[in-house]
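See structure below.
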Amino acid sequence: MTDSLTIRRPDDWHLHFRDDAVMKGVVPFTARQFARAIVMPNLSPPVTSVEGCAAYRDRIRAAVPQGVDFTPLMTAYLTDDVEGDELARGFAEGVFTAAKLYPAHATTGSAHGVTDIARIMPALEKMASVGMPLLIHGEVTDSHVDIFDREAVFIERTLTGLVRNLPELKIVFEHITTADAAAFVDVSGPNVAATITPQHLHINRNAMFTGGIRPHAYCLPVAKREVHRLALRKAATSGSTKYFLGTDSAPHAQSAKESACGCAGIFNAPYALESYVTVFDEEGALDRFEAFASENGPRFYGLPLNEGTITLERGETTVPDTVDANGTTIVPFHAGEILGWVYRG
Ligand code: NCD
Ligand code: ZN
């Protein structure tokens with residue numbers, strides 16, 4: 001039995017840092033475990049301009065604890081009015097690493113998102129021509145479509161056509177939650193990849209209703225049936241280079257989750273690696289964890305692999321009921337559980 005796993009330093013290819021006081025509180029959790037992270041732009045107002053994004057990046061850098069080596073990789077928020085030239089300028093200047101497509105009203109902070117992908121085709125063509133990746137929240141927003149079907153319907157209605165019409169565009173299908181999504185990624189060409197969160201590997205939709213309503217198991221895309229969770233575990237641990245680590249860590253105050261209309265989002269940053277490695281261990285795939293956590297992402301993005309290593313050891317990590325993020329109380333993923341791995345840094 002492997003009791004200790006040393007891997008190249010990993011990256012988180014999808015998360016939410018927010019801004020201001022909470023951001024200062026959550027950045028250190030990610031900087032402790034990851035060398036880089038792709039930072040989502042769904043602030044209020046969203047991050048759309050190159051200058052606004054550079055300023056946000058400066059605020060994040062200032063929140064990284066002294067002596068910790070951590071690089072935020074920034075993203076542009078696509079709106080109906082996005083200019084391809086502005087995206088390309090931000091990409092060329094090294095401010096935008098990628099751009100994020102939120103279908104309007106799909107999730108937290110998506111009110112300014114794209115109403116119809118046809119409207120942004122010129123910008124997507126520009127992105128394809130400069131090699132800038134498109135990150136997609138893949139859910140339709142049509143209220144007539146059952147919430148558990150919105151990802152699968154997005155593949156049918158939007159993603160299949162986009163990949164066919166613009167095969168040169170690098171696409172990351174973010175936080176996939178279904179067997180349908182994994183099947184789509186598997187059969188698509190090398191320009192289509194996906195991130196998978198820890199929660200979608202650990203829980204199915206029953207977790208939201210165990211003995212009562214459980215707001216801390218609610219995120220978007222919502223967790224699906226067990227058959228989908230098993231397909232995601234298979235995809236993540238398959239050895240395919242198309243899948244990589246992206247936590248979708250999404251901090252919301254405890255009070256905003258435990259409410260008559262609780263926010264979508266799971267805060268998993270503090271114990272992300274312990275959570276993921278548990279899955280790879282259970283699947284007998286510890287030898288494939290390094291590629292998922294530290295290699296497939298940078299290779300897809302065309303970025304260098306990190307130098308240095310981190311070590312995870314078998315042991316007990318007790319996840320607290322709450323964590324303090326610079327004055328905001330947040331309930332972390334796995335709250336109150338004991339995980340069977342310890343992060344040694
Ligand atoms: C995210 C958030 O809170 O910003 N919420 C979530 O449930 N994942 C938005 C998102 O990624 O959908
Ligand atoms: Zn997200």
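In listed order, ligands and their atoms are each counted from 1.
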Exercise for the section: Could you name all protein N, O or S atoms found under 2.8 Å from the Zn ion (ligand 2)? Expected result: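 Less than 2.8 Å away from the Zn ion (ligand 2) sit His14 NE2, His16 NE2, Asp248 OD1.
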Exercise for the section: Taking the side chain as every heavy atom from C-beta outward, state whether Arg214 and Phe209 have any pair of such atoms under 4.5 Å apart. Expected result: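 Sidechains of Phe209 and Arg214: no contact.
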Practice task
Compare all side-chain heavy atoms of Arg314 with those of Ser4 and state whether any distance is below 4.5 angstrom.
Solution key: no
Fill in the blank from the handout: Smallest heavy-atom separation, Pro198 atom then Tyr276 atom, equals CD-OH, 3.1 Å
Handout entry: Whether Phe154 and Phe173 hold their rings parallel, tilted or perpendicular, with breakpoints at 30° and 60°
Key = tilted
Problem - His200 side chain to Pro221 backbone, donor-acceptor under 3.5 Å - result: yes
Fill in the blank from the handout: Contacts for ligand 1, heavy atom under 4.0 Å, by chain and number, are His14, His16, Arg18, Asn42, Thr107, Thr108, His137, His175, Cys219, Leu220, Asp248, Ala250, His252, Ala264, Gly265
Problem - Electrostatic pair Arg205:Glu226 at N-O distance under 4.0 angstrom - result: no
Handout entry: Cation-pi check, Lys170 onto Phe300 ring (under 6.0 Å, within 45° of axis)
Key =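 Because its charged atom sits under 6.0 Å from the ring centre and within 45° of the axis, Lys170 does stack over Phe300.
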Problem - Aromatic ring proximity His16/His14, centre distance under 6.0 Å - result: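 For His16 and His14, the ring centres are under 6.0 Å apart.
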Problem - Aromatic ring proximity Tyr77/Tyr102, centre distance under 6.0 Å - result: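 Between Tyr102 and Tyr77, which both carry aromatic rings, the centre distance is below 6.0 Å.
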